[in-house]
Amino acid sequence: MTIAENVARVREEINLAAQRCGRNSEDITLVAASKMNGFTHVREAIEAGITVCGENRVQEMTVKNAQGAYEGAHLHFIGRLQKNKVRQVVGVAELIHGVDTLALLQEIGRRATEKGIVQDVLLEVNIGREESKAGFAPEEIPEILESGESISGIRIRGLMAIPPLVASEAEIFPYFSAMQQLFVDNGQKKYDNSNMDFLSMGMSHDFQQAIACGSNMVRIGTKIFGPRS
Ligand SMILES: *Cc1c(COP(=O)(O)O)cnc(C)c1O
């Protein structure tokens with residue numbers, strides 16, 4: 001399968017998943033998770049209609065961006081971001097998905113203000129409460145949204161999660177449903193600098209279930225680019 005064929009098939013699967021739950025697939029953003037795929041593969045994906053690329057590593061993103069790999073597409077940062085690398089990402093990536101501490105949010109605000117821009121971010125939720133995963137506990141989200149009201153240079157656009165690996169497809173639903181609930185609940189109250197626009201969840205192996213639970217941003221790597229070596 002070529003990357004173009006993979007993109008077409010993933011789009012079709014997104015369409016079907018959306019249809020099954022009465023949603024419009026146009027409301028679902030496909031982010032191509034392009035880590036470990038070089039310039040040529042990224043270009044192939046964009047030529048095949050990919051409109052958003054998501055990168056995990058600052059160094060890799062910086063190199064590929066300088067090569068012009070993302071031209072014609074939007075760029076998101078979807079990996080774990082260290083505070084000392086914030087400067088290299090702010091204003092380069094349109095959306096930073098994995099903000100997992102208040103200190104990181106503040107640093108993003110500081111760097112964005114320096115650059116005279118407002119940086120869009122998502123708050124990462126550790127929905128499975130796993131030791132090994134980053135993210136806020138679900139109950140921390142309201143206080144982070146509140147703290148965000150006094151941080152200039154940021155706009156919180158929604159939530160992101162990577163749920164636990166589960167043994168069967170059905171076992172993922174409680175996590176995705178909990179995220180959907182959290183997204184809806186936290187969207188009820190209006191906070192300055194925040195708007196619950198995006199629910200970023202779903203990867204190659206579980207994006208259809210994520211869509212069934214309201215995801216409007218899926219991050220897909222393997223099903224587009226093939227297995228990473
Ligand atoms: C790599 C990655 C993905 C895509 O994973 P696949 O299983 O290859 O689709 C999605 N989100 C994040 C944060 C990633 O690091």
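Numbering of ligands and ligand atoms starts at 1, following listing order.
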Just jot down the ligand 1 atoms closer than 4.0 angstrom to any heavy atom of [X], in number order.
X      : result
Thr222 : 6 (P), 7 (O), 8 (O), 9 (O)
Gly221 : 4 (C), 6 (P), 8 (O), 9 (O)
Ile162 : 13 (C)
Lys35  : 1 (C), 2 (C), 3 (C), 14 (C), 15 (O)
Ile220 : 9 (O)

Give me the residue, atom name and distance of the protein heavy atom closest to [atom].
atom                    : value
atom 9 (O) of ligand 1  : Ser204 OG, 2.5 Å
atom 13 (C) of ligand 1 : Ile78 O, 3.4 Å
atom 11 (N) of ligand 1 : Arg219 NE, 2.8 Å
atom 5 (O) of ligand 1  : Met203 CE, 3.4 Å

Can you confirm whether Ile28 sits close enough to Phe207 that some side-chain heavy atom of one is under 4.5 Å from a side-chain heavy atom of the other?
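No, too far: nothing below the 4.5 Å cut-off.
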Under a heavy-atom criterion of less than 4.0 Å, does Arg228 contact ligand 1?
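Yes, Arg228 has a heavy atom closer than 4.0 Å to ligand 1.
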Ligand 1 contacted by Lys223 (non-hydrogen, < 4.0 Å)
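Heavy atoms of Lys223 never come under 4.0 Å of ligand 1.
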Tell me the contacting part of Ala33 for ligand 1: side chain, backbone, both, or neither, using a 4.0 Å heavy-atom threshold, strictly below.
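Ala33 to ligand 1: side-chain contact only, backbone stays beyond 4.0 Å.
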Are a donor atom and an acceptor atom from the side chains of Gln119 and Arg111 found within less than 3.5 Å of each other?
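The criterion, which ignores hydrogens and geometry beyond distance, is not satisfied for Arg111 and Gln119.
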Under 3.5 Å, is there a donor on one side chain and an acceptor on the other for Thr62 and Gln59?
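Distance-only check fails for Thr62 and Gln59.
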SB check [X] [Y] (cutoff 4.0 Å):
X      : Y      : answer
Glu139 : Arg129 : yes
Arg9   : Glu12  : no
Lys35  : Glu55  : no
Glu13  : Lys223 : yes

For the CZ atom on Arg57, are there more than 12 heavy atoms of other groups (residues, nucleotides or ligands in this structure) within a distance under 6.0 Å?
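Counting other residues, nucleotides and ligands, CZ of Arg57 stays at 12 neighbours or fewer.
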